[in-house]
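Everything on this sheet refers to the single structure shown next.
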There are 2 protein chains.
Amino acid sequence: MLLRTVSEGNSKSRTRARTRRPAASSSSPASTIDLMVVPTAYARNEEIFGEGEPVDYLYKIESGCIRATRTHDNGHRQLVAFYLPGNLFGLDAHDLHTISTEATTPSKVRVIKRKALMARGGDMATIKHLLDLTAAELRRSQNHNLLLLKGAQERVVGFLQEMAQREHRQGEIELPMTRRDIADYLGLTIETVSRTLKLLETEGAISLPSRWRVVLHDPAALN
Amino acid sequence: MLLRTVSEGNSKSRTRARTRRPAASSSSPASTIDLMVVPTAYARNEEIFGEGEPVDYLYKIESGCIRATRTHDNGHRQLVAFYLPGNLFGLDAHDLHTISTEATTPSKVRVIKRKALMARGGDMATIKHLLDLTAAELRRSQNHNLLLLKGAQERVVGFLQEMAQREHRQGEIELPMTRRDIADYLGLTIETVSRTLKLLETEGAISLPSRWRVVLHDPAALN
DNA sequence: CGTCACATTGAACCTCTTCAAGCGCCGTGG
DNA sequence: CCACGGCGCTTGAAGAGGTTCAATGTGACG
């Protein structure tokens, strides 16, 4: 069988905090998406929004890392995306969220009411921006699709390259998520992720100074 | 290795016809997406649009079946979606297509210039419609992601259920695509698809009267 | 300093792939 | 009208890659 991440009720590790709502400091009308209220802090494993909730807010991550997940009937968890500082998220659907989002590490997130964006008498630029963002998400999802068809090694390498691309520093990556998160993102088991990383290290492609750091020795030869 | 569908130069079976452009009968201004020019006919394996081309048109399939594909560097082909009569497609990106589309069977497609939609002085309803469509595509893609994480049997069953849901007739499905198309859509080999279908038949879940027909005996117990 | 969650490592198993052969349908040409 | 040939599909047996189960290792935090 292929059941991996059954959410065995480890009620301690998975903080099941109820979704908080930011204090709506609706004052100055936002003309672009950049204008957002003060950042809200989220603890590790705290939920930003949950599946089935209405799509009322748009989020911009300031610091930390957010994971977007879908949980299947069987309890199987699939990780749809990681969001890093600067990324916008919360646009997975038009009416109701199809995904949940949680912080993988203490994070700060700016929030804006979506209505405030849409209701501004048809701000064409803004809604086009939303369309662009959704299209970008779509492209990301399709790239992720491609990744899931490859072998374990290529998936891990692809993940590292994706993270490296989004990092500021060159050749050095920070992984602000657990092995389980990575595994669920890549459709592998934590054991395979661990083994594959180790293999890449013994091959000389990378170094693993700590659990959260990866150094890419030859970014080009990573294929 | 995981290389499956390497496009071995079977230049005969894959009609590499150049993308045709419909005769632009731009006359009556379109106020909704429903207003489209007369349908264009496409032959089997004929390309509607290709990867890298600008996103200038929106398409609505009238009859037949369209497959959306991405081809990887290795020659590996991934099938992103099937479009059936009534479906709209061509919104995989905002600027340049990231996918190619071909007819899996003789098909008729209605076409509309995208500019004609966007340039109408900011038709808010239309652009919101586009946003909805893109969001729906995103959801489809994420569902497809989920499917790719399951075992072979669950993938095939999921595919059958998806097709059944889109069919008018109840309990009977037409598959207007080859086994290779199905395999590339599910991330499996044609052998596994064939075997799995046969297995489902011997289990009594389905019947396979012909290559293109599937009868679902107990749609509920298909799990 | 002990505990707990997370990560690593090892060995047996299982599913899907791979390679290879045979089948059946359909169009073409004799 | 039937034989031939091609293509897509089926079926079989061997192999690889990832999962599973189980045990051990390691770092953070009280």
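Here is how names work: the chains are called A, B, and so on, in the same order as the sequence lines, proteins then strands, and each is numbered from 1. Values below: all heavy atoms of this structure, side chains included; hydrogens, waters and symmetry mates excluded.
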Practice task
Ignoring backbone atoms, test whether Thr192(B) places a side-chain nitrogen or oxygen under 4.0 Å from the OP1 or OP2 oxygen of dT17(C).
Solution key: yes
Problem - 4.5 Å side-chain heavy-atom contact, Ile190(A) and Thr178(A) - result: no
Practice task
For dT19(D), take OP1 and OP2 only and decide whether either is under 4.0 Å from a side-chain N or O of Thr189(A).
Solution key: yes
Problem - Base dG17(D) to side chain Arg195(A), donor-acceptor N/O within 3.5 Å cut-off - result: no
Problem - Check: Cys65(A) main-chain N/O paired with Ser107(A) side-chain donor or acceptor under 3.5 Å - result: yes
Practice task
Examine dG8(D): is either OP1 or OP2 under 4.0 Å from a nitrogen or oxygen in the side chain of Thr178(B)? Give yes or no.
Solution key: no
Practice task
Look at the side chain of Ala152(A) and decide which nucleotide, out of dT8(C), dT17(C), dG18(D), has an atom nearest to it.
Solution key: dG18(D)
Problem - Interatomic distance where CD belongs to Glu154(B) and P belongs to dT19(D) [whole Å] - result: 15 Å
Problem - Between dG22(C) (P) and Glu191(B) (CD): distance, integer Å - result: 16 Å
Exercise for the section: Could you check how far CZ of Arg180(B) sits from C1' of dC7(D), rounded to whole Å? Expected result: 12 Å
Problem - Between P of dC9(D) and CG of Leu208(B), the distance in whole Å - result: 12 Å
Handout entry: Pairing of Asp181(A) and Arg44(A) as salt bridge, 4.0 angstrom limit
Key = no
Problem - Interatomic distance where CG belongs to Leu149(B) and P belongs to dT19(D) [whole Å] - result: 10 Å
Fill in the blank from the handout: Winner on side-chain proximity to Arg211(B), out of dG24(C), dT9(C), dG18(D), is dG24(C)
Practice task
Please state how far atom CD1 in Ile190(A) lies from atom C1' in dA23(D), giving the value in whole angstrom units.
Solution key: 14 Å
Exercise for the section: Show your working on salt bridge (Lys or Arg N to Asp or Glu O under 4.0 Å) between Asp184(A) and Arg70(A) and close with a plain yes or no. Expected result: CA-CA 10 Å; Asp184(A) 287 352; Arg70(A) 294 185 70 178; over 6 Å; no
Handout entry: Phosphate OP1/OP2 of dT8(C): any Lys198(A) side-chain N/O under 4.0 Å
Key = no
Exercise for the section: Go through the N and O atoms of the side chain of Arg179(B) and the base of dT11(D), and report whether any donor-acceptor pair is under 3.5 Å. Expected result: no
Handout entry: Rounded distance in Å - CG (Leu186(A)) to C1' (dT19(D))
Key = 15 Å
Handout entry: Side chain Ser141(B), main chain Glu137(B), donor-acceptor under 3.5 Å
Key = no
Exercise for the section: Kindly indicate whether the side chain of Gln153(B) and the base of dC16(C) share any N or O donor-acceptor pair separated by less than 3.5 Å? Expected result: no
Fill in the blank from the handout: In whole angstroms, the gap separating P of dC9(D) from CG of Leu188(B) amounts to 15 Å
